[in-house]
Amino acid sequence: MPDLKPDDVQSRLASVLARIRDKEVQSGRQPGSAQLIAVSKTFDVDEIRPVIAAGQRRFGENRVQEAQAKWPLLREMADDIELHLIGPLQSNKAKEAIALFDAIHTVDRDKIAGALADEIAKQGRTPKLFVQVNTGLEPQKAGIAPREAAEFVERCRTVHGLTIGGLMCIPPAGEAAGPHFALLAKMAAEIGVENLSMGMSGDFETAIAFGATHVRVGGAIFGSRPPVVTEPVAPVVPEEPAA
Ligand SMILES: *Cc1c(COP(=O)(O)O)cnc(C)c1O
């Protein structure tokens with residue numbers, strides 16, 4: 001008998017999958033029409049392995065370098081793993097990104113589109129591409145402005161020769177996500193792309209109700225991420241030497 005603790009990563013994965021299925025059914029959608037991307041950023045290979053062992057195959061990472069360090073090894077566990085880049089991409093990382101990822105969710109400017117097109121031609125790989133839309137027009141956030149998105153998707157097709165399969169958004173923190181999901185769904189219908197990458201641990205059920213085809217869930221599966229350390233931590237020095 002496997003020794004499963006009630007709050008381990010495999011139980012949390014099962015619970016997220018059950019919640020996705022319930023929401024699909026409740027929303028009158030086909031079971032399986034919303035695909036789970038397990039967001040494994042900041043978690044190391046030993047924490048990701050049990051999730052692969054439990055049958056999950058689609059994973060998301062937000063940094064090219066971190067993914068390069070982890071996934072060649074993890075991919076040896078299964079030959080049908082699908083790796084999604086969900087974080088901002090710099091054009092000087094396009095080569096590595098195309099070599100490593102099966103989907104890129106963060107195409108948001110011509111320079112990136114051009115760099116990806118060059119690498120797709122060179123490497124003969126064709127990852128699924130999403131255009132990221134900054135639905136909240138947040139200055140610190142990546143993504144193209146909603147009013148420029150249709151033209152940008154058209155330029156991706158005609159100027160860069162890319163096939164854009166969907167749109168992606170990250171609603172502003174602390175705002176109701178529903179209106180952002182609704183806007184993204186409306187834009188996708190107008191532009192004529194099928195896929196909608198939207199919804200995270202806190203709002204993936206809402207996203208499914210609005211038509212998400214890809215939900216990106218990290219914390220609800222892997223547990224909370226350690227805070228990002230920006231400065232070296234000073235060594236702890238005991239105040240008094242032990243007697
Ligand atoms: C980290 C991240 C997620 C997952 O967030 P959780 O709240 O841990 O589920 C989803 N999308 C993007 C773009 C992320 O960077």
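For this chain, numbers begin at 1 and follow the sequence in order. Read the numbers this way: they start at 1 and go in the same order the structure lists the ligands and their atoms.
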| Glu154 atom CD: more than 12 heavy-atom contacts under 6.0 Å | yes

| task | Quick one: look at His105 and ligand 1, take heavy-atom pairs under 4.0 Å, and tell me if it's side chain, backbone, both or neither. | result | neither

| With only distance considered, is Gly218 within less than 3.5 Å of ligand 1 through an N or O on each side? | yes

| message | Going by side chain to side chain donor-acceptor pair (under 3.5 Å), name the pairs with one or both residues in residues 159-171, residues two or more places apart or in two chains. | response | Asp110-His160

| request: Identify which of Pro88, Ser201, Ala142 has a heavy atom lying nearest to atom 6 (P) of ligand 1. | output: Ser201

| query | Under 4.5 Å between any side-chain heavy atoms of Phe59 and Ile52, yes or no? | reply | yes

| Quick one: does Ile120's side chain get under 4.5 Å of Pro127's, heavy atoms only? | yes

| Pairing of Asp46 and Arg49 as salt bridge, 4.0 angstrom limit | yes

| task | Flag the pair Arg58 and Glu82 as a salt bridge only when some basic side-chain nitrogen lies within less than 4.0 angstrom of an acidic carboxylate oxygen. | result | yes

Report, in ascending order of atom number, the atoms of ligand 1 lying under 4.0 Å from any heavy atom of [X].
{"X": "Ile170", "answer": "13 (C)"}
{"X": "Gly219", "answer": "6 (P), 8 (O), 9 (O)"}
{"X": "Val217", "answer": "9 (O)"}

So which heavy atom in the protein is nearest [atom], and how far is it from that ligand atom?
{"atom": "atom 11 (N) of ligand 1", "answer": "Arg216 NE, 2.9 Å"}
{"atom": "atom 12 (C) of ligand 1", "answer": "Ile86 CD1, 3.5 Å"}
{"atom": "atom 15 (O) of ligand 1", "answer": "Lys41 NZ, 2.6 Å"}
{"atom": "atom 5 (O) of ligand 1", "answer": "Met200 CE, 3.5 Å"}

| Working for side-chain hydrogen bond (donor to acceptor under 3.5 Å, both in side chains), residues Gln35 and Thr213 | CA-CA 6 Å; Gln35 304 185 337; Thr213 60; over 6 Å; no

